[in-house]
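In this text, all values refer to a predicted model and were calculated from it rather than measured experimentally.
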Amino acid sequence: MVLENLLEDLSNASQKDVMEKSFKPHKKGKKAFRKHIHLMPVVKSSNLLELLRPGSFVRLENQPLDLPPFQLISCKGGRCFVRQQTWGKYIHWEVAHHRLKSA
């Protein structure tokens with residue numbers, strides 16, 4: 001009889017613990033989540049270059065509005081080859097990547 005009462009008490013106690021743990025709100029909440037995420041502030045960096053894809057159209061930093069955009073041929077090592085559509089296939093111009101913006 002004593003053993004049955006003891007087992008019943010243990011069973012009730014474990015069920016109670018499970019109920020308390022499963023429905024108890026997390027004490028730390030969002031603060032604990034924030035500890036593991038390291039957000040960096042948004043900073044305009046001069047080292048960050050825009051992704052320019054070959055075939056897209058680009059403009060120079062201070063390109064006049066009456067001049068049409070250039071077509072990007074390729075970029076490698078901070079240098080890009082661009083051309084005007086009216087120049088023909090084999091004529092291109094090498095420009096520093098940081099001077100170009102997408103049109």
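- Clustering ILVMFWY residues whenever any of their side-chain heavy atoms sit less than 4.5 angstrom apart, transitively, puts Leu100 in the very cluster that holds Ile91.
- Expressed to the nearest 0.5 Å, how far NE2 of His92 lies from CG of Leu72 amounts to 12.0 Å.
- The CZ atom of Arg59 sits 6.0 Å away from the CG atom of Leu65 when rounded to the nearest 0.5 Å.
- For Arg99, the side chain to side chain contact (heavy atoms under 4.5 Å, CB included) partners two or more places apart in sequence, or in a different chain, are Leu60, Glu61, Asn62, Val95, Ala96.
- Residues forming a side chain to side chain contact (heavy atoms under 4.5 Å, CB included) with Ser102 (at least two apart in sequence, or on another chain): Glu50, Leu52.
- Pairs of residues two or more places apart, or lying in two chains, that qualify as side chain to side chain donor-acceptor pair (under 3.5 Å) and include a residue from residues 64-87 are Gln71-Arg83, Arg79-Glu94.
- The two residues Pro68 and Gln63 come nearest to each other via the heavy atoms O-NE2, 2.9 Å.
- Residues Leu67 and Val58 share a single hydrophobic cluster, defined by chaining ILVMFWY side chains whose heavy atoms lie under 4.5 Å apart.
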